[in-house]
A.B. asks: 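Please read through the structure below; I'll follow up with questions.
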Amino acid sequence: MARRSAVTWNALIKGYAQAGRRDEALALFRCMRRQDGVAPDKYTFPALLSGIGRNRSGGCVQELGAAVHAQVVKSGLDKDPFVGASLLSMYAATGALEDVKAVFDDMDTLDPVVWSSMISAYVNCKEEEAALLTFYKMLCQDITPRQFVYSSLFAICGSMSMLEMGRQVHAHSLKNITDNDAAMTNALLTMYSDCGCIDDAWRVFDSNDIVDVISYNSMILALGQHAHPKEAVELFKRMKFSGLIPDEVTLLNLLSAFNHAGLVHEGLHLFNSMLDIEGIKPTYQHYACVIDMLARSGEIEESMKTIKEMPFEAETPLWRIVLGACSKHGDIETGMKIAEMLFEKEPYEPTNYILLGNIYARLGRWTETENIRSLMEKSGIDGDDAFSWIEMGQRTHRFGVDDRAHPISEEIYRNLDRLMGSIKAAGYVPDTSFATHSTGKNRREESLRYHCEKLAFAFGDLASPSGDTLRIMKNLRVCGDCHSAYKYFSLVTGRKIVLRDNHRFHHFYKGACSCRDYW
DNA sequence: TTAGGGTTAG
C-alpha cells in the first residue's frame, strides 16, 4: 500500500491477534509506532491486548502485558472504557488479580462491559464471592446486566453448587434478557446440571431455540455425569441428524459417558472408530479417558498396554488414575510399580501415598498402611481434608469428618445415630475395608460412622421436610461405605438423594444408586 | 470498511 493509515494497521493487528499469532501482532504494533504521522489509538490496544490474553505461551507474558499497559498510559488512553475492558481481561488471563483491581479502581466509568469484564476476571481468578459482590455493586449503579454477565454468574453458581442462588440469577435474567443467546443458555444448562438437577438441564436444552455444538456437548456431558449413557448416545445421533458436526469435545464427553457407566465395549468401539467414522484424531484426553475406562473396569493389563502404545507420553495424573484402579481391584504388584515411579517424580504429592495406603488397607495389611501414614507424617505431607456441604435456605452448611462445630451439632449426631440404627435393621453392614485405621474392627467401624457425607445427610434430614430431595456435595470421591449407607438412607427415609462428588453425580432412590455401584 | 466482556472437557 502506498499509504498506511492507523485504520490499516489496526485491522492487520486485529487479524493476527484473533488468529492467536500474538508475536506477529506485537511486531506490527512496533512497526506502526515507527511510522511518522501514525499513532496507536483506542482501536489499536483492544486488538493487541486481546491477542496477549489469547496466547499466553512463550515469552514473559507478565512483562509483555505490563509493557503494553505502559504504552496505553503514554497514549493517554487509560480511561477509555474499551481499552480498560481489554486491559482487565488481559491481566485476568495472566492471573494478575492485583493489576486487574488496580485498573478497575482507576476507571471512572459506568460502562457495562467494564463491569462485565471485572466479574469474569474474578471468575477466572477463582474469586467467586468477589464476583458475586461485584454483581451486586453493579446492580446498585443501576446498570442492567447483559448476557455476558449472566453467563459468568451461572458458571459460578454451578461450580459452587449454589442451586438457590442459581435459580434467583436465572429469574433475574428472565426479567432482563429478552433475546436468547446460545452461550448464556449453555451456561444455564451446565449450572443446573452442576447443581444436580438434570431435569432442569434438559428443560433448558429443549426450550433453547439456538442450539449449537456447545449446547450438545454440554448436554451430553451432563447426561454422562448423571449416569444416562443411553440418552447421551441418542442425543449424539440427534446432533448429527440436525446437521451439526461433532468435535473433539463431543467425542470426549460421549466416551466419558461410557466410562461413567462402565460400558467398556461401547467405549472401545467408539474410540477405535473415531478417526474413520467421525474424522477426529484421538487426542491425549481421549486416550486418557479410555485408559481410565479400562483400568477402572479391571482391565489393568490392557490399560498399561494402551499407555505404552499411545503416541503421547503419559503424565502423572494418568498414572494416578491407574494406581487408583489397582487399589480398587487389589492389583498390588502393578500398583507398587506405579507408586514407586510416582514417588520418584512427585515425592510431595499426597495422593500417591494415600492411594498406595488404600491398596494395603483394602487387603487388610494394616502394618504397611500404618507405615505409609507415618512416612507421610514424618515428611510433612498432608492430603486434602474431606468435607461435605449442603445448601439449606439461604445458607451453606459445611461438615468435616467428626465435625462438631455446627450450632446444632448434638441434634445432628443424635439423628445420625438414629439413622444408623434404622439402616442396620434394614440390612446395612459397615464396610470397614474403607477405614484406613489399623485399629481393631470396632474402632474401624466407628471411624466410618461420622464421615462428613453422613453428617451432611443427617443434618439435611433433620432440617428439611420429609420427602424433600437432598442435594449434598463432597470435595473428594465418595467413600464406598458412605455410598452403601446412602442407599439405605434413601430406603428408610423415602428421600431422593443427589450426591455430587469430585467426579460425578450419584442419584440415590429406594435403596439403589444411579451409578449401579460402579464409579 | 479498524475496538472491549461470556458458554462446554479432564
Side-chain angles (χ1 to χ4, degrees), chain A residues 4-15 17-18 32 40-51 53 77 80-90 92-93 103-104 107 109 111-124 131 138 145-156 158-159 173 177 181-191 193-194 201 204-205 208 210 212-222 224-225 246-257 259 283-292 315 317-318 320-321 502-504:
Chain A
R4 298 173 185 143
S5 68
V7 176
T8 317
W9 288 105
N10 292 346
L12 198 56
I13 289 172
K14 180 195 162 206
Q18 285 189 343
M32 176 186 190
D41 60 19
K42 59 186 178 177
Y43 294 88
T44 317
F45 289 108
L48 192 59
L49 287 162
S50 76
L77 290 166
D80 182 89
F82 281 79
V83 177
S86 42
L87 263 177
L88 281 183
S89 37
M90 182 277 292
V103 172
F104 182 76
M107 300 194 56
T109 174
D111 185 295
V113 179
V114 172
W115 284 93
S116 172
S117 309
M118 192 60 219
I119 291 170
S120 63
Y122 277 127
V123 178
N124 275 335
M138 179 183 143
R146 300 194 223 165
Q147 282 114 332
F148 283 90
V149 174
Y150 289 113
S151 302
S152 299
L153 290 176
F154 291 145
I156 295 171
S159 71
S173 75
I177 305 289
D181 173 289
M184 190 187 85
T185 316
N186 294 338
L188 180 63
L189 184 169
T190 301
M191 185 273 285
S193 171
D194 283 348
V204 173
F205 183 87
N208 187 8
I210 312 166
D212 60 8
V213 172
I214 295 182
S215 313
Y216 276 98
N217 289 357
S218 308
M219 196 63 219
I220 289 172
L221 175 73
Q225 289 174 326
D247 64 8
E248 291 174 4
V249 178
T250 319
L251 291 189
L252 183 61
N253 293 356
L254 197 55
L255 269 179
S256 108
N259 186 12
T283 66
Y284 179 81
Q285 288 162 337
H286 295 100
Y287 273 98
C289 189
V290 165
I291 288 159
D292 180 9
E315 291 165 26
L318 184 53
R320 245 193 303 286
I321 286 173
N502 66 352
H503 196 59
R504 61 175 297 160

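A, B, ... follow the sequence lines: proteins, then strands. Residue 1 opens every chain.
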A.B. asks: Whole Å only: how far is the CD1 atom of A:Ile210 from the P atom of B:dG6?
C.D. replies: 19 Å

A.B. asks: Roughly, in whole Å, what's the span from CH2 in A:Trp9 to P in B:dT1?
C.D. replies: 21 Å

A.B. asks: Please give me the minimum heavy-atom distance between A:Leu189 and A:Ala201, naming the atom from each residue.
C.D. replies: O-CB, 3.7 Å

A.B. asks: Under a 3.5 Å threshold, yes or no: a donor from one side chain and an acceptor from the other, between A:Ser256 and A:Asn259?
C.D. replies: no

A.B. asks: What's the closest nucleotide to the A:Thr190 side chain, out of B:dG6, B:dT2, B:dT8?
C.D. replies: B:dT8

A.B. asks: Would you confirm whether A:Ser116, through its side chain, and A:Pro112, through its main-chain N or O, come within 3.5 Å as a donor-acceptor pair?
C.D. replies: no

A.B. asks: Do you know the tightest heavy-atom contact between A:Met184 and A:Gln147?
C.D. replies: SD-CG, 3.6 Å

A.B. asks: Starting at atom CD1 of A:Ile119, determine the distance to atom C1' of B:dT7, rounded to an integer number of angstrom.
C.D. replies: 16 Å

A.B. asks: Using a cut-off of less than 4.0 Å, is there contact between a side-chain N or O of A:Gln225 and OP1 or OP2 of B:dT8?
C.D. replies: no

A.B. asks: Calculate the interatomic distance between A:Tyr284 atom OH and B:dG10 atom P; express it in whole Å.
C.D. replies: 15 Å

A.B. asks: Kindly point out which of B:dA3, B:dT7, B:dG6 is positioned nearest to the side chain of A:Asn186?
C.D. replies: B:dT7

A.B. asks: Looking for any heavy atom pair under 4.0 Å, which part of the strands does A:Asp212 touch: base, sugar-phosphate only, or nothing?
C.D. replies: nothing

A.B. asks: Using every non-hydrogen atom in the two residues, find where A:Thr250 and A:Val213 come nearest and quote the distance to one decimal.
C.D. replies: OG1-CG1, 4.3 Å

A.B. asks: In whole Å, I'd like the distance from the CG atom of A:Leu153 to the C1' atom of B:dT7.
C.D. replies: 13 Å

A.B. asks: Look at the side chain of A:Met184 and decide which nucleotide, out of B:dT2, B:dT8, B:dG6, has an atom nearest to it.
C.D. replies: B:dG6

A.B. asks: For a quick check of understanding: with a heavy-atom distance under 4.0 Å over all strands, which category does A:Ser116 fall into, base, sugar-phosphate or nothing?
C.D. replies: base

A.B. asks: Between the side chains of A:Ser215 and A:Ser218, does any donor sit under 3.5 Å from an acceptor?
C.D. replies: no

A.B. asks: Classify the side chain of A:Gln285 versus the base of B:dG10 as yes if they form a donor-acceptor pair under 3.5 Å and no if they do not.
C.D. replies: yes

A.B. asks: For A:Ile214, which contact category applies under a 4.0 Å heavy-atom criterion: base, sugar-phosphate, or nothing?
C.D. replies: base

A.B. asks: Starting from C1' on B:dG6, measure out to CE on A:Met138 and report it in whole angstrom.
C.D. replies: 12 Å

A.B. asks: Nearest whole Å is fine: how far is B:dA9 P from A:Asn259 CG?
C.D. replies: 16 Å

A.B. asks: Which of the following nucleotides, B:dA9, B:dT2, B:dT7, is nearest to the side chain of A:Ala187?
C.D. replies: B:dT7

A.B. asks: Is A:Phe82 stacked on the base of B:dA3, with ring centres under 5.5 Å apart and planes under 30° apart?
C.D. replies: yes

A.B. asks: Between B:dA3, B:dT8, B:dG4, spot the one nearest the side chain of A:Ser86, thanks.
C.D. replies: B:dG4

A.B. asks: Decide yes or no on side-chain hydrogen bond (donor to acceptor under 3.5 Å, both in side chains) for A:Asn217 and A:Asn186, but give the supporting numbers first.
C.D. replies: CA-CA 9 Å; A:Asn217 289 357; A:Asn186 294 338; over 6 Å; no

A.B. asks: Base, sugar-phosphate, or nothing for A:Val114, non-hydrogen atoms under 4.0 angstrom?
C.D. replies: base

A.B. asks: When all nucleic acid strands are considered with a 4.0 Å heavy-atom cut-off, which category describes A:Ser218: base, sugar-phosphate, or nothing?
C.D. replies: sugar-phosphate

A.B. asks: Quick one: which of B:dG6, B:dA9, B:dA3 gets closest to the side chain of A:Lys42?
C.D. replies: B:dA3

A.B. asks: At under 4.0 Å between heavy atoms, what does A:Asp111 touch on the DNA or RNA strands: base, sugar-phosphate, or nothing?
C.D. replies: base

A.B. asks: Specify the separation, in whole Å, of atom NE2 of A:His503 and atom P of B:dA9.
C.D. replies: 13 Å

A.B. asks: Determine the contact category for A:Pro317: base if any of its heavy atoms lies under 4.0 Å from a base atom, sugar-phosphate if only primed atoms, P, OP1 or OP2 are that close, otherwise nothing.
C.D. replies: nothing

A.B. asks: Any idea which of B:dA9, B:dA3, B:dT7 is nearest the A:Ala183 side chain?
C.D. replies: B:dT7

A.B. asks: In terms of side-chain heavy atoms of A:Asn253, which of B:dT7, B:dA9, B:dG6 is nearest?
C.D. replies: B:dA9

A.B. asks: Just call it for A:Lys14: base, sugar-phosphate, or nothing, with non-hydrogen atoms closer than 4.0 Å on any strand.
C.D. replies: sugar-phosphate

